[in-house]
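Notes for the one structure printed next.
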Amino acid sequence: MCGIVGYVGTENAVDVIISSLKKLEYRGYDSAGVTILNGDLETYKTVGKISELEKIIPAGFTGHIGIGHTRWATHGKPETRNSHPHLSSNIAVVHNGIIENYMFLKEKLMEQGYEFVSDTDTEVIAHLLHRTMKDSERCSLLDAVRHIMTEIEGSYAIAVLCTDEPDHIVLARKDSPLVIGLGDKGYFAASDVPAFLRYTRNAVYVNDKELVLISPKGVEFYNNDGQRIEKQVDIIEWNEEAAEKAGYEHFMLKEIHEQPTSIQATYAGKISELEGRVILDELKMDEDQLRNLQRVTIIACGTSWNAGCVGKYLFENLAGIHTDIETASEFRYGDPILCGQVFTLAITQSGETADTLAAIRSSRSYGCKAASITNVVGSTITRETDSVLFTRAGPEIGVAATKTFTAQLIVLYLMAIHIGTVRGRLTPETARDILVGIKQLPGQVQKILNNKDAIKKCAEHYAKVQDYFFIGRHLNYPISLEGALKLKEISYIHAEGYAAGELKHGPLALISSATPVVAIATKGHTYDKVLSNIKEVKARSAEVIAVANESDTEINKYVDRVLRIPDCHELLSPVLSSVVLQLLAYYTALARDCSIDKPRNLAKSVTVE
Ligand code: AGP
């Protein structure tokens, strides 16, 4: 996730772009840049926040047409050369999204003599546009953008300047947001409305495959065939703060709703459905190394640890490798039995958790190969591990991890399927079944979000209780831990996640009519066993809330409430169930009037022991 902006008008474009970028910093803040078209393209860019960019812009730098960018690194570290705008001779581009086939395009462009100065996917867009306009003398910038949209695959919102056409900006989008602002003193383009709300409330949302040309004379919209189209103008009612959260009351709720996109972005370009295989070039281990692997040790904390527990089941089931899951703060002071054949995997959203970093360093001292799953390009863990697999969830502001958790699960599925295929444990047909299922997840998550009212009602009904239990078996056991953790951290209700079969070994003594039990009872090989556990707690007067599949009509007989997830492959239900539990925690905390985005005593990134 990054933020792009563009401005054409009578105001000083530098000031407008800087103030607009500041409003988009929630989308990314590891580097920033601006290009103003004053006859030539004048570009300033730097690593860091917008305030760092302001420091390097010389006094008196002005203009009336320009583009800007605030970056959340996906391809290439946060370095000045990887910051946007990216240039190709007389063309400047800012981009939000991921060009999935950029390596293929980059190789072709290099053969044609183009030199690349960055590691980004975006730079191919600049060179492709330059090549297209050079190859055909009468090709306008608008036509060139339309043309390259047939070559690039992936997601994008782009804004482009070209010195040959100095009075306008051309924009286009596919699967990344883009909105145009119509003001008295000019026209604005941005990834999100907060960017221009202080200038205008009149906005036009750009749809997929549409193009826009903004000039001092006005705004023109085009469809993919190059024909002019009319668009509706919306009046934005939100204030600036509400707009930053896209109208959601909290960042957490916004981030829960971003999961269809973050899941899709995380698997984008990595699934070959036809061949039934995963493309995981980031995992720097060849087939022999994967075949000879003896053991995987996953190291993490908190929610990332819960994702690691799911990973253990996946690696053992799909890849046939013995897998341990370790709590980083314990592992670092333990006496682990490790050797060169053990592969250690750190899972950390921030990439900065002190215990996880220390534990992974300790594992490497035994000669283990180490990989990491993280959401932050350039974070410390990326320098401490041999392979880095990124979740593409974009910045997560709410302290409670939501979209990064489901993105971690996606990476774990991809890894397990990849390793399982290489080791001959999975046939391409079995792999294909799961991969097809993964591609259905964004739509299925959206369905849960569309029906969230039932979850809200349930949360409100139980909002005053003091204790909650969450139970599940197999893959649903870590999801019960995650459901309990989410509820604890934001609603301050005491909650326990338990392996359903373990209840009778002690905690059953705590079950009463005052302790609602959330039973994750999705279809799978432990379903009947979970039904037995539900009966056990019902017999002790507990009210039971089941998380169950849509087609399961039997469950209603045994429980008080059912929260539904779409039918899916048994192994994939953790993604869907966790969205339900995130919403349950969110609406419970809301009903209790808690500080949802910044819960007491907690920090987003725990960089101390
Ligand atoms: C989850 O909601 C928490 N905020 C917390 O448990 C978090 O997952 C943990 O601190 C680990 O953080 P990391 O993923 O950045 O390493």
Side-chain angles (χ1 to χ4, degrees), residues 72 250-256 258-259 262 266 298-311 325-332 344-361 363 370-385 388-412 470 478-493 495 497 574 578-579 581-586 588-589 594-609:
W72 176 259
H250 296 96
F251 278 110
M252 181 182 176
L253 189 60
K254 175 173 177 271
E255 286 154 7
I256 291 172
E258 282 170 352
Q259 289 176 109
S262 53
T266 299
I298 303 177
I299 298 169
C301 301
T303 286
S304 296
W305 187 87
N306 293 338
C309 286
V310 177
I325 167 78
E326 301 280 354
T327 302
S329 55
E330 289 297 314
F331 180 90
R332 63 184 293 192
T344 51
L345 173 64
I347 307 180
T348 166
Q349 177 281 131
S350 60
E352 301 294 349
T353 299
D355 284 324
T356 307
L357 290 172
I360 210 78
R361 281 176 199 134
S363 79
S372 56
I373 299 176
T374 185
N375 197 42
V376 184
V377 176
S379 59
T380 307
I381 197 75
T382 64
R383 294 186 289 280
E384 304 271 350
T385 43
V388 185
L389 295 104
F390 289 107
T391 49
R392 309 272 185 209
E396 191 173 64
I397 312 286
V399 164
T402 52
K403 61 175 178 171
T404 54
F405 175 69
T406 48
Q408 288 168 347
L409 295 186
I410 298 298
V411 176
L412 289 164
F470 289 73
I479 299 308
S480 72
L481 296 175
E482 176 58 11
L485 178 62
K486 279 297 83 94
L487 190 72
K488 274 186 269 214
E489 68 178 331
I490 62 166
S491 77
Y492 315 142
I493 293 178
S578 48
V579 176
L581 300 185
Q582 292 163 1
L583 287 165
L584 185 71
Y586 173 80
T588 306
C594 296
S595 165
I596 292 181
D597 285 332
K598 291 186 181 148
R600 70 184 180 209
N601 308 338
L602 300 180
K604 183 71 186 160
S605 178
V606 186
T607 54
V608 291
E609 263 201 70

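Both counts, for ligands and for their atoms, begin at 1 and track the order of listing. Quantities reported herein were computed from a predicted structural model and do not represent experimental measurements.
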Open item on the list: Testing the 3.5 Å rule here: is there a donor-acceptor pair between the side chains of Thr303 and Lys486?
Closed with: yes

Open item on the list: Just to confirm my output: which protein heavy-atom neighbour is closest to atom 8 (O) of ligand 1, and how far is it?
Closed with: Thr303 N, 3.1 Å

TODO: Please identify which atoms of ligand 1 are closer than 4.0 Å to at least one heavy atom of Ala400.
DONE: 2 (O)

Task: Contact check: Gly302 vs ligand 1, nitrogen or oxygen atoms, below 3.5 angstrom - done: no

- [ ] Give the atoms of ligand 1, by number and element, whose distance to some non-hydrogen atom of Thr348 is under 4.0 Å.
- [x] 13 (P), 14 (O), 15 (O), 16 (O)

Task: Taking atom 3 (C) of ligand 1 as the reference point, the nearest protein heavy atom with its distance - done: Glu489 OE1, 3.6 Å

- [ ] Do me a favour and list the nearest non-hydrogen protein atom to atom 4 (N) of ligand 1 with residue, atom name and distance?
- [x] Val399 O, 2.9 Å

- [ ] Give the C-alpha distance, both sets of side-chain angles, the deciding distance and a yes or no for side chain to side chain contact (heavy atoms under 4.5 Å, CB included) between Leu345 and Leu412.
- [x] CA-CA 10 Å; Leu345 173 64; Leu412 289 164; 3.9 Å; yes

- [ ] State, without any angle test, whether Thr404 and Glu396 hold a side-chain donor-acceptor pair at a distance under 3.5 Å.
- [x] yes

Open item on the list: For the backbone of Phe251 and the side chain of Asp597, can you confirm whether one donor and one acceptor N or O come within less than 3.5 Å of each other?
Closed with: yes

Open item on the list: Salt bridge check, Arg361 against Glu384: does any charged N sit closer than 4.0 Å to a carboxylate O?
Closed with: yes

Open item on the list: At less than 4.0 angstrom from any non-hydrogen atom of Lys486, what atoms of ligand 1 do you find?
Closed with: 1 (C), 2 (O)

Task: Top protein contact for atom 9 (C) of ligand 1, by heavy-atom distance - done: Cys301 O, 3.8 Å

Task: Contact atoms of ligand 1, heavy-atom distance to Ser304 under 4.0 Å - done: 8 (O), 13 (P), 14 (O)

TODO: Could you tell me whether the side chain of Ser595 and the main chain of Lys598 form a donor-acceptor pair under 3.5 Å?
DONE: yes

TODO: Say whether Glu352 and ligand 1 are in contact under the criterion: heavy-atom distance to a ligand atom below 4.0 Å.
DONE: no

Open item on the list: Is there a side-chain hydrogen bond (donor to acceptor under 3.5 Å, both in side chains) between Thr391 and Gln408? Walk through the geometry before answering.
Closed with: CA-CA 6 Å; Thr391 49; Gln408 288 168 347; over 6 Å; no

Open item on the list: I need the nearest protein heavy-atom contact for atom 15 (O) of ligand 1: residue, atom name and distance, please.
Closed with: Ser350 OG, 2.6 Å

Open item on the list: Test your reading of the structure: does Gln349 have an N or O sitting under 3.5 Å from an N or O of ligand 1?
Closed with: yes

Open item on the list: Please check whether Ala401 reaches ligand 1 - meaning an N/O of the residue sits under 3.5 Å from an N/O of the ligand, judged on distance alone.
Closed with: yes

Open item on the list: Test your reading of the model: is there a side-chain donor-acceptor pair from Thr374 to the backbone of Thr348, 3.5 Å cut-off?
Closed with: yes

- [ ] Among all protein heavy atoms, pick the one closest to atom 10 (O) of ligand 1 and tell me residue, atom and distance.
- [x] Val606 CG2, 3.9 Å

Open item on the list: Considering non-hydrogen atoms of the protein only, which is the closest contact for atom 12 (O) of ligand 1, and what is the distance?
Closed with: Thr353 OG1, 3.5 Å

Task: Thr588 side chain to Ser491 side chain, donor-acceptor N/O pair below 3.5 angstrom - done: no

Task: Polar side-chain atom of Tyr492 near backbone of Arg600 as donor-acceptor pair, under 3.5 Å - done: yes

